[in-house]
Amino acid sequence: MMRRTGSIAAVTLCIVCVSAANTTRADTLTVTSIDDNTLYETANGEVSGGASTTFFVGRVGVNGEGKLRRGVIKFDLSALPTHAVVESVSLKLHCSAAGLSTPFTISLKRMLKSWGEGVSFAFGGGGASSTPGDATWLHRFYPNTLWSSPGGDFSPTVSASTNVGSSGFYTWATTPTAVADVQGWVNVPVSNFGWMVQGNEITLQSAKRFDSHESALSTRPQLTVVYTVGLLGDLNGDDKVNAADLSILLGAWGQTGPANIDNLGVVDAGDLAYLLSKWTG
């Protein structure tokens, strides 16, 4: 009887040890934006605000001819480990002025093309003359590289949203879509074009002004990423990339889901290439 009890205790201890060994510690990275700009609705893309301390989203009032403003923002994620598995993300912005104190929904949407910020500097919401490399309503990089569609190339899917009223700090809480966005940028850094920040584009004076990365340190945009370290291509969680994972990927071919390693559309040859590049056997 004592022997059996000892065996049970040993097995229990073994299970506890294995569980402890397999526990993954979550880490947190907080970074400020490296690029942000305002896309000012104009006929020729002659206005931008790449070096401004603020960016704008929404629709301005009659003094600004009721034109639209859209923000673009990007974060450098190179400090994350190569095999980081993103668990949650949250964005904090400081609204420093509002046309109306009425709360309006401000959404994040994944940008589909690269864009830039030049040295144009504007004190107010009217913008400044575009400079080389600026993103504008028409240009990804002023004056020669255009968006496919005026107003920017971005996904129609909302990654995260929150209501913004009067001035103050606001947080866009984690969502599965926002996590997928950031995970895709971690897996394929060259696909990191950041987010469109889009506000109410119907109501006059709905525009909100947010501080940019050129503002005071305490009010700059902050992205917080909670992550664990995994193995890219390990689809069954056994800490290996081998035939079992290949089988899962092939079974999900043409579909979305975890096997879509690069988070670009559906499971395809790109995901297969990434899996094979991490093969452990």
Is any side-chain heavy atom of [Y] closer than 4.5 Å to one of [X]?
| X | Y | value |
| --- | --- | --- |
| M196 | R70 | yes |
| W172 | S107 | no |
| W279 | D245 | no |
| C95 | Y170 | yes |
| Q198 | F154 | yes |
| L246 | N242 | no |

T54 OG1 to E214 CD distance, which is reported to the nearest 0.5 Å: 9.5 Å
Other members of the hydrophobic cluster containing [X], with the 4.5 Å side-chain heavy-atom rule, please.
| X | result |
| --- | --- |
| V266 | none |
| F104 | L100 |
| Y40 | V47, F56 |

Minimum heavy-atom distance between I248 and L235, given as atom pair plus value: CG2-CD1, 3.9 Å
Over all atoms of both residues, closest heavy-atom pair of S215 and T53: CB-O, 3.6 Å
Flag, side chain of S166 to backbone of S101, donor-acceptor distance under 3.5 Å: no
For a quick test of your reading: what N or O donor-acceptor pairs under 3.5 Å do the side chains of residues 85-94 make, sequence neighbours left out?
from, atom 1, to, atom 2, distance (Å)
E87, OE2, T228, OG1, 3.1
H94, ND1, D211, OD2, 2.9

Residues W185, W195; criterion ring-ring contact (aromatic ring centres under 6.0 Å, His included); working and verdict: CA-CA 11 Å; W185 299 335; W195 282 303; 5.1 Å; yes
Flag if over 12 foreign heavy atoms under 6.0 Å of CG, N63: no
S277: partners by side chain to side chain donor-acceptor pair (under 3.5 Å), with sequence neighbours left out: none
Residue pairs fulfilling side chain to side chain donor-acceptor pair (under 3.5 Å) with at least one residue in residues 129-140, sequence neighbours excluded: N37-D134, S48-D134, S114-R140, S120-D134, T131-D134, T136-H139
